[in-house]
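Below is one structure; the comments refer to it alone.
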Amino acid sequence: MQEQYDFKQIENTWQQYWENQDLYRVPDHSERPKYYCLEMFPYPSGKLHMGHVRNYSIGDVIARFKTMQGYDVLHPMGWDAFGLPAENAAIKHGIPPATWTWDNIAHMRSQLKQLGLSYDWHREVATCHPEYYKWGQWLFLQLYKKGLCYKKHARVNWCPDCATVLANEQVVEGNCERCSATVEQKELDQWFFRITDYSQRLLDDLKKLEGWPDKVKIMQDNWIGRSEGAELTFKAEGSGDEITVFTTRPDTVYGVTYMVLAAEHPLVAKLSAGTPQENEVAEFVNRVSKLTELARTSSEKEGVFTGACCINPFNGERVPILTANYVLYHYGTGAVMGVPAHDERDFEFAKKYDLPIRVVIHPSKDKGLTAEEMTQAYTEDGIMVNSGPFDGTPNRQGIRKVTQYAEEKGIGKGIINYRLRDWLISRQRYWGTPIPIIYCKKCGAVPVPDHQLPVLLPTDVAFKPTGESPLKGNPDFFNTTCPQCGEPAQRETDTMDTFVDSSWYYLRYTSPRDTEQAWGKDKAARWMSVDQYIGGVEHAILHLLYSRFFTKVFYDLGLVNVEEPFENLLTQGMVLKDGAKMSKSKGNVVSPEEIIQRYGADTARLFILFAAPPERDLEWSDRGVEGSHRFLNRVWRLVYSVRDQVAAAPAVAPGTPYVGVHKEMRRLTHYAIKKVTEDVSGRFNFNTGISTIMELVNGIHTYRDKVAEVERDAAVLAEAVNTSIILLAPFAPHIAEELWQSTGHSGSVHRQPWPQYDPTALVEDEVEIVVQLNGKLRERLHIPANMKPAEMQQYVMELPSVQELIAGKQIIKVIPVPGKLLNIVVK
RNA sequence: GCCCGGGUGGCGGAAUAGGCAGACGCACAGGACUUAAAAUCCUGCGGUGGCAACACCGUGCCGGUUCGACCCCGGCUCCGGGCACCA
């Protein structure tokens with residue numbers, strides 16, 4: 001063992017050794033229980049950033065800890081390798097996307113290896129590899145055959161900069177989630193997955209996910225957006241055209257004073273035809289439908305009379321039909337009833353256009369409302385009035401009763417609406433999984449037969465700066481023959497959203513090299529579900545919702561036997577510098593490479609785990625990094641100074657009665673085992689775990705310095721030193737391995753069993769308690785630890801110093817808390 | 001507007017079940033070692049007053065419950081995130 005901590009040499013040596021020994025390979029079958037630890041795989045952008053380092057350091061601690069606890073830990077890594085940046089690089093630098101991507105992967109893989117992460121690299125996957133996307137295509141076809149995948153002509157989100165369509169989830173406040181360009185609307189033929197068929201199950205099963213943060217579950221709940229209500233049908237006067245509205249408040253149907261249709265609603269043109277309103281309506285629709293949803297909904301409410309009226313089937317009243325910008329065509333039925341008295345939007349609209357307001361809910365029997373006095377809508381609960389047979393009914397009951405009545409009369413029905421839309425998966429891009437569909441003039445859209453998979457992405461493609469997919473200009477790719485009739489046919493040139501690729505990679509890791517199937521059912525059964533998933537909260541909806549959907553589909557197809565993919569989810573916070581997210585434009589980026597170069601991987605990992613608990617944002621501090629480095633040096637010097645004594649020491653004999661400093665050293669050792677185990681297992685509070693190891697190391701220093709070498713108990717010292725090395729192993733794996741080997745051990749420290757604490761070592765003879773007077777701290781004192789509350793009270797109360805405290809005061813009550821305090825309440 | 005988080009020393013953070021606020025680390029100050037510096041080691045480090053023992057104040061603000069509140073309840077405020085004309 002060298003006197004100096006030479007992290008470079010140590011990290012290189014052990015990384016090579018572990019690789020040569022194949023230390024992190026995990027078997028598919030064994031007697032040990034399984035644990036699946038997964039971190040979100042990265043997009044191979046070129047270099048690791050600190051967010052990656054944090055994500056993977058957290059996962060590595062858990063994986064190593066679980067391994068030491070006796071589990072077979074599946075801890076894989078791979079690459080979310082399809083995507084637009086590869087195409088941009090091709091256009092900009094003339095490098096083919098495949099070359100660019102594989103070069104990046106090679107570099108990032110070596111960076112990950114430099115961090116000393118315990119991945120089973122035999123299981124590496126890359127979504128751009130034909131052996132991976134072949135099965136993505138196969139899964140697409142399984143959904144297709146099940147009717148969960150369809151092509152539809154629809155108004156879709158189009159990003160002009162990315163030159164492709166986007167899923168709803170990828171539009172953030174009207175802008176592209178990737179490049180922030182303003183999203184436009186286009187009418188196109190597009191492929192969708194029928195995720196809406198799973199709305200209710202995706203919602204219901206959120207309750208089963210006890211290991212997920214509430215925040216993420218709430219976000220998914222909101223996104224699915226279940227809303228219970230009724231559809232009610234009104235008939236247009238004259239023509240008899242039916243207008244069905246969706247409402248969550250059927251109890252207010254007697255308060256309807258107008259109807260509103262979305263601008264795109266087919267009846268708008270029909271109803272206004274031939275009325276004096278016709279031109280005005282056409283002009284309004286023309287203007288409004290050009291606007292994006294965001295532009296429409298952020299402007300003031302506007303509407304025009306269509307010239308037609310309809311009859312409220314509940315009270316026979318005649319109300320005008322309008323069209324307005326605040327009604328969305330794609331939600332519900334694209335039509336709403338206007339109840340200004342009890343809906344804020346309707347109130348605002350009615351005030352602007354002078355439409356009548358009719359109160360049909362009173363706050364209570366004694367408290368009424370009048371339309372004239374109202375300054376805002378009354379949306380709370382109350383009693384129904386002006387509502388024919390329903391007068392006097394509490395409105396909550398009224399919702400049920402009106403719906404029931406509508407069903408009996410055939411003018412409506414109860415219904416549940418979801419905000420969730422089907423998942424648009426086709427992309428007009430080259431660098432993605434080709435959609436395995438062939439278009440034949442005779443047979444229509446024909447799925448590519450299984451034996452023809454994969455539909456290979458051609459690599460000899462020309463990129464144009466227009467951004468158009470080069471597949472369109474590649475006849476070798478798109479010209480083919482129909483699998484059904486053999487006539488000439490064309491391939492689909494759209495590729496799949498990369499979120500499709502990342503929605504099943506956790507399953508592929510269970511059978512990464514299987515050439516016969518997407519995964520082995522037995523393998524998936526052994527490893528699924530993922531016990532711990534770790535990644536950024538930015539995937540709360542997109543990736544995590546899609547993966548849940550896929551798993552449910554696979555369950556229904558009999559491909560897996562779990563209904564949820566991720567048992568426990570840890571969403572790590574961002575890495576900040578000077579209070580802001582690291583970014584090139586802000587110039588506050590700290591490069592992992594530089595930190596590893598200067599301080600080593602162990603220091604980088606230790607700092608990032610110590611500086612904050614994983615879920616919180618982490619403020620980067622160069623000083624803090626130095627502190628972590630200093631600590632590792634301190635551990636090194638300690639072990640160096642006692643290495644021979646430790647190596648030669650016997651084990652602590654069970655039951656040995658230690659006293660004084662020796663006893664205290666043992667207490668500290670076993671307390672550290674207890675505390676670090678608790679911090680790493682349940683709470684993932686690595687910061688407090690590390691601080692406990694620091695306390696142990698500080699304690700060993702004191703023990704070494706204050707006790708002469710001859711009086712030192714070698715067994716106690718060795719126990720403390722060995723424990724600190726083992727506890728440090730998941731956090732700083734290289735230095736721990738080196739120290740382990742230098743203190744006379746054989747076998748990797750990472751294959752040692754995680755230590756168990758000895759409860760008898762934690763028992764103290766004396767405890768410090770405080771004496772409070774009316775809850776205020778007055779005195780600290782030491783008492784025997786085994787005192788019962790009554791004994792403790794008597795003992796403390798008789799102490800002269802305490803007598804002095806309470807002299808001349810009337811004692812009202814005394815509250816003894818064993819091992820903690822005694823509170824004396826006096827007057 | 002609605003729904004989640006979060007406000008604790010100069011800084012990152014700790015207090016896991018209502019029981020000693022500030023563990024651990026950073027920064028800073030003083031000291032030891034050194035010709036000197038770095039490294040290392042030791043000591044101090046919430047505020048105010050005091051030579052000191054000690055006293056008083058102190059977890060965003062106001063109030064409540066309790067023998068006792070960073071922690072529970074009510075009301076506000078500021079910061080971060082999500083959703084937002086979804087009928």
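Every chain is numbered from 1, with letters handed out A, B, ... down the list of sequences.
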Base-contact (B) and sugar-phosphate-only (S) positions in nucleotides 21-30 of chain B, heavy-atom cut-off under 4.0 Å, - elsewhere: S-BBSSS---
Quick one: label [X] by what it contacts on the DNA or RNA (base, sugar-phosphate, nothing), any heavy atom closer than 4.0 Å.
X	answer
Arg421(A)	nothing
Asp617(A)	sugar-phosphate
Val825(A)	sugar-phosphate
Glu344(A)	nothing

When you get a sec, tell me which of [options] is the closest nucleotide to the side chain of [X]?
X	options	value
Val817(A)	A14(B), G19(B), A87(B)	G19(B)
Lys301(A)	C85(B), A87(B), C83(B)	C85(B)
Trp223(A)	C83(B), A14(B), A87(B)	C83(B)
Arg683(A)	C83(B), A15(B), A14(B)	A15(B)

Within residues 322-332 of chain A, find the residues that approach RNA chain B with a heavy atom at under 4.0 Å, and present them sorted by residue number. Tyr326(A), Val327(A), Leu328(A), Tyr331(A)
C41(B) OP1/OP2 closer than 4.0 Å to side-chain N/O of Arg637(A): yes
What orientation do His629(A) and Tyr599(A) show, parallel under 30°, tilted 30 to 60°, or perpendicular over 60°? perpendicular
Just say parallel, tilted or perpendicular for the rings of Phe686(A) and Phe684(A), cut-offs at 30° and 60°. tilted
Between C83(B) and Asn222(A), counting only base atoms on the nucleotide and side-chain atoms on the residue, is there a donor-acceptor pair under 3.5 Å? no
Does RNA chain B take part in any stems of at least 3 consecutive Watson-Crick or G-U pairs (both distances under 3.5 Å), and if so, which ones? B:1-7 with B:77-83, B:10-12 with B:24-26, B:28-32 with B:40-44, B:46-49 with B:54-57, B:60-64 with B:72-76
